[in-house]
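The figures here come from the full heavy-atom set of this structure, side chains too, leaving out hydrogens, waters and symmetry mates. Keep in mind the model is a prediction, meaning the values are calculated, not measured.
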Amino acid sequence: MSKKLVIKVTAGADAPERCSQAFTVAAVAVASGVEVSLWLTGESSWFALPGRAAEFELPHAAPLPDLLGSLLVSGQVTLCTQCATRRGITQEDVIGGVRIAGAQVFVSEIMAEGVQALVY
């Protein structure tokens, strides 16, 4: 598979099923050898901070720290610049491997040849 998958997750604990679906699809894709870029926006921004994914609970769902861990190892995880700023999150605050980038980078990623974008 040569296609890249860019997933923007806008939900966090406020919409746990949607949040879990985004992380699950991203982790399954990465495990299948797909190049994955996961964007944390809105309430999912909090998962860029150490320990926050461990606070997430959803019955019968894979643990969020495990899903995020696989993405940090084999994919790209990005925290939205504006979302980070609104929450007082800086690059020094986030988990190692998480970058902070804005709309220009997102648009560049989704407009590239062979990219499929999903928003949850």
Is there a chain of hydrophobic side chains (I, L, V, M, F, W, Y, each step under 4.5 Å between heavy atoms) that links [X] to [Y]?
{"X": "F23", "Y": "L58", "value": "yes"}
{"X": "V115", "Y": "L5", "value": "no"}
{"X": "L118", "Y": "I110", "value": "no"}

Compare every heavy atom of [Y] with every heavy atom of [X], then report the nearest pair and how far apart it is.
{"X": "S45", "Y": "C83", "answer": "OG-CB, 3.2 Å"}
{"X": "V34", "Y": "K3", "answer": "CG1-O, 3.7 Å"}
{"X": "A26", "Y": "V36", "answer": "O-CG2, 3.8 Å"}
{"X": "A13", "Y": "F47", "answer": "N-CZ, 4.3 Å"}

Under the side-chain contact (heavy atoms from CB on, under 4.5 Å) test, which residues partner T81, sequence neighbours left out?
T85, I100
For A22, side-chain contact (heavy atoms from CB on, under 4.5 Å) partners two or more places apart
I7, V9, Y120
Value rounded to 0.5 Å, distance of [atom1] in [X] from [atom2] in [Y]:
{"X": "R87", "Y": "D93", "atom1": "CZ", "atom2": "CG", "result": "13.5 Å"}
{"X": "E109", "Y": "W39", "atom1": "CD", "atom2": "CH2", "result": "5.5 Å"}
{"X": "L40", "Y": "L49", "atom1": "CG", "atom2": "CG", "result": "10.0 Å"}

For residues 61-78, run the donor-acceptor check on the side chains, cut-off 3.5 Å, and write out each pair with its distance to 0.1 Å, sequence neighbours left out.
| unit_1 | atom_1 | unit_2 | atom_2 | d |
| --- | --- | --- | --- | --- |
| S70 | OG | L67 | O | 2.8 |
| T78 | OG1 | R99 | NE | 2.6 |
| T78 | OG1 | R99 | NH2 | 3.2 |

For S20 and P16, indicate whether the former's side chain and the latter's backbone hold a donor-acceptor pair under 3.5 Å.
no
F106 vs V6 side-chain heavy atoms within contact, under 4.5 Å:
yes
With a 4.5 Å cut-off on side-chain heavy atoms, are I95 and R52 touching?
no
Not counting sequence neighbours, list each pair that qualifies as a ring pair (Phe, Tyr, Trp, His ring centres under 6.0 Å) and has a residue in residues 63-87.
none
Residues forming a side-chain hydrogen bond (donor to acceptor under 3.5 Å, both in side chains) with E92, sequence neighbours excluded
T90
Shared-cluster residues of V28, by chain and number - hydrophobic side chains joined below 4.5 Å
none
Step through the shown structure and confirm whether more than 12 heavy atoms of other residues, nucleotides or ligands are within 6.0 Å of CD on Q91.
yes
